[in-house]
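Naming convention: chains lettered A, B, ... in sequence-line order (proteins, then strands); numbering from 1 in each chain.
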There are 2 protein chains.
Amino acid sequence: MTDAAPKERLLAERRGRIVAAARRLAEDEGWEAVTTRRLADAIEYSQPVLYGHFPQGKSEIVTAVALAGFAEMEAALTDSGSVADASHDARVRALVTTYLDFADRHRATYEAMFLLPVTVPFASADTPAVLRATFEVIAETLRALPAEAPPSSDPETTAEVLWAAVHGLVALQHAGRMPPERRAQRVDELVRLFTA
Amino acid sequence: MTDAAPKERLLAERRGRIVAAARRLAEDEGWEAVTTRRLADAIEYSQPVLYGHFPQGKSEIVTAVALAGFAEMEAALTDSGSVADASHDARVRALVTTYLDFADRHRATYEAMFLLPVTVPFASADTPAVLRATFEVIAETLRALPAEAPPSSDPETTAEVLWAAVHGLVALQHAGRMPPERRAQRVDELVRLFTA
DNA sequence: TCGATGATCTAGCAGTGCTAGGAATGTAGC
DNA sequence: GCTACATTCCTAGCACTGCTAGATCATCGA
């Protein structure tokens, strides 16, 4: 692989440091602590330099954090489904558990991925591949349902409903709207509903 | 019922106008358009008057919108479950459909209820009764499951998972992350999973 | 009628995202 | 090596945000 020109490599590196700084600040202190002044301090340049990399401003930085998060979540979900010889029940459980763990360990990143308004179109031709890929992992796990699983005319729709349920658990648990001590029971019930 | 003193009634009325103005602005233009300057203009007083009613500032106004929303949603959900002689399938479907309709018709209010950080504790002794009441309607519908419904050791947990799934549909659909044309299929699949 | 109290306003603070114009630095050509 | 031009970065400031201190106005009771 050829190296980029030194100047372009330095620019790309600095862009990466901006995104990393945004993510770190958000994970440590919440998105409300992520300001353009603090990001500029973190990379030791002035504010206008941020706008050189992200002409659409702060929301474009948040989008970059979200896209990186989708890539990591897709990798984690793909790994979770790759255990050979696992029962289907075990594979759905691994998917759900991996998703919830990722969202818990990267709360602010997850928030950027789903909760903050992100400027990237989703169900359209412009949708970045990494967004489709993440959903595809969920759909693929359900397509692999054995024949005795509950009939569903459309595994795509079942995948959407499973995704909604898991996402809903994340959002309501993070918002403190569900008792934390029943978390494992909710996972058990969710897996039971989708595999019984 | 005795009337409040005229002064106290005028204060309560003005407080209600602040909350109504916040909700209307949010529903029309989004929460980012709801500023303390615009709320003050809407009630034709200066900004500090807002802080007389809401000493904890703007987030307390958002909380007030959220609590009003919970009360309305609880009433709507209670009505949806009150159809006599309906099959259980029909009652779960009515609950899900009513919930989704409410969230669609009051997007900004729903956002305040679940998405914006609200300062009210949830699963604790301080939780306002209206929050518990809303969840209770969902739990009650599932407690009424006939004996041949899928066994669940704990209808409470099933209610939490149903709520998570419906909430997830709202959040992902509002965020434009699910194809709108398959909305009815997702509702069908959700109802099937919880009543099959 | 006057003083005390309550209600409301004005003006401003500290912070936000963002940008215009100037300064500093780098590069190319002569 | 110097000059002119291009690029990069900085300073300073704008318009806006949530919020509040102190001043002003209105009301009420003695």
Side-chain angles (χ1 to χ4, degrees), chain A residues 4-19 21-26 28-66 108 111-112 115-120, chain B residues 4-19 21-26 28-66 108 111-112 115-120:
Chain A
K7 190 173 78 174
E8 278 143 14
R9 196 172 56 244
L10 287 175
L11 287 177
E13 185 200 345
R14 190 170 69 188
R15 185 184 192 281
R17 281 167 49 223
I18 294 167
V19 176
R23 184 171 178 175
R24 187 165 48 245
L25 261 178
D28 288 349
E29 303 180 43
W31 278 105
E32 70 282 352
V34 180
T35 68
T36 50
R37 284 167 180 76
R38 291 187 73 182
L39 290 179
D41 286 345
I43 63 168
E44 298 181 303
Y45 285 83
S46 64
Q47 279 178 274
V49 169
L50 301 175
Y51 296 89
H53 294 280
F54 301 96
Q56 281 155 15
K58 187 183 169 189
S59 68
E60 199 179 345
I61 298 172
V62 178
T63 297
V65 172
E111 199 172 331
L115 306 180
L116 295 172
V118 167
T119 53
V120 170
Chain B
K7 192 172 78 178
E8 278 143 11
R9 196 170 59 242
L10 286 176
L11 286 178
E13 185 199 345
R14 190 169 71 187
R15 186 186 193 281
R17 282 167 47 225
I18 293 168
V19 175
R23 185 171 179 175
R24 188 165 49 243
L25 262 178
D28 289 348
E29 302 180 44
W31 279 105
E32 69 284 352
V34 180
T35 67
T36 49
R37 283 167 180 79
R38 291 187 72 181
L39 290 180
D41 287 346
I43 63 168
E44 298 181 306
Y45 284 84
S46 63
Q47 281 179 274
V49 170
L50 301 175
Y51 296 87
H53 295 280
F54 300 97
Q56 281 157 14
K58 187 184 170 189
S59 68
E60 200 179 344
I61 298 172
V62 178
T63 295
V65 172
E111 200 172 328
L115 305 180
L116 295 172
V118 166
T119 55
V120 169

Asker: For a quick test of reading the model: is some side-chain N or O of A:Lys7 closer than 4.0 Å to OP1 or OP2 of D:dT8?
Answerer: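 True: A:Lys7 side-chain N/O within range (under 4.0 Å) of D:dT8 OP1/OP2.
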Asker: Check whether any side-chain nitrogen or oxygen of B:Thr36 sits under 4.0 Å from OP1 or OP2 of D:dC19, and answer yes or no.
Answerer: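 So the side-chain polar atoms of B:Thr36 never come under 4.0 Å of the phosphate oxygens OP1 or OP2 of D:dC19.
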Asker: Check every atom of D:dC9, D:dG18, C:dT8 against the side chain of B:Gln47 and return the nucleotide holding the closest atom.
Answerer: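 Nearest nucleotide to the side chain: D:dG18.
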Asker: Could you state the atom-to-atom distance from CZ of A:Arg15 to P of D:dC9 in whole Å?
Answerer: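 One finds 16 Å between P of D:dC9 and CZ of A:Arg15, rounded.
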Asker: Whole angstroms only, please: what is the CD-C1' distance between A:Gln56 and C:dT19?
Answerer: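 After rounding, the reported distance stands at 16 Å.
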Asker: Donor-acceptor check, side chain of A:Arg17 to backbone of A:Ile43, threshold 3.5 angstrom: yes or no?
Answerer: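 Checking the backbone N and O of A:Ile43 against the side chain of A:Arg17, a donor-acceptor pair under 3.5 Å is found.
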Asker: Given D:dG18, D:dC10, C:dC18, identify the nucleotide with an atom nearest to the side chain of A:Tyr51.
Answerer: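 The nucleotide sitting nearest to the side chain is C:dC18.
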Asker: Quickly work out the B:Leu10 CG to D:dA26 P distance and round it to whole Å.
Answerer: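 That distance rounds to 17 Å.
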Asker: For B:His53 and C:dG6, give me the distance from atom NE2 to atom C1', rounded to whole Å.
Answerer: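 For the pair B:His53 NE2 and C:dG6 C1', the rounded distance is 13 Å.
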Asker: Quickly work out the B:Glu32 CD to D:dA15 P distance and round it to whole Å.
Answerer: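 So the CD-P distance, B:Glu32 to D:dA15, works out to 21 Å.
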Asker: Between C:dA7 atom P and B:Leu50 atom CG, what is the distance in whole Å?
Answerer: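 Roughly 16 Å, once rounded to whole Å.
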Asker: For D:dT17 and B:Thr35 - does any side-chain N or O of the residue sit under 4.0 Å from the phosphate oxygens OP1/OP2?
Answerer: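 Indeed, a polar side-chain atom of B:Thr35 lies that close.
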Asker: Rounded to the nearest angstrom, tell me the gap between atom CG in B:Leu39 and atom C1' in D:dC19.
Answerer: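 Those two atoms, CG and C1', are 14 Å apart.
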Asker: I want to check something: taking the side chain as every heavy atom from C-beta on, are B:Lys58 and B:Leu39 in contact at a cut-off of under 4.5 Å?
Answerer: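 The answer is no, as the side chains (C-beta and beyond) never meet within the 4.5 Å cut-off.
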Asker: Within the structure, does a side-chain N or O atom of B:Arg37 lie under 4.0 Å from either OP1 or OP2 of D:dA15?
Answerer: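 Checking B:Arg37 against D:dA15: no side-chain N or O falls below 4.0 Å of OP1 or OP2.
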Asker: Write down the distance between CG (A:Leu11) and P (D:dC9), rounded to a whole number of angstrom.
Answerer: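 That distance rounds to 7 Å.
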Asker: Base, sugar-phosphate, or nothing: which does B:Arg38 touch, judged by heavy atoms less than 4.0 Å apart?
Answerer: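 Nothing, no nucleic acid heavy atom in range.
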Asker: Quick check: closest heavy atoms across A:Leu50 and A:Ala40, and the distance to 0.1 Å?
Answerer: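 Closest approach of A:Leu50 to A:Ala40, heavy atoms only: CD1-N, 4.2 Å.
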Asker: Looking only at the side chain of B:Pro48 (C-beta and beyond, no hydrogens), which of the listed nucleotides D:dT17, D:dT20, C:dG17 gets closest?
Answerer: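 Among the listed nucleotides, the one closest to the side chain of B:Pro48 is D:dT20.
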Asker: As a quick check of understanding, evaluate side-chain contact (heavy atoms from CB on, under 4.5 Å) for A:Phe54 and A:Thr63, giving each step before the final call.
Answerer: CA-CA 10 Å; A:Phe54 301 96; A:Thr63 297; over 6 Å; no
Asker: Taking atom OG1 of A:Thr36 and atom CD1 of A:Ile18, what is their separation to the nearest 0.5 Å?
Answerer: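 Taking OG1 in A:Thr36 and CD1 in A:Ile18, the distance rounds to 11.0 Å.
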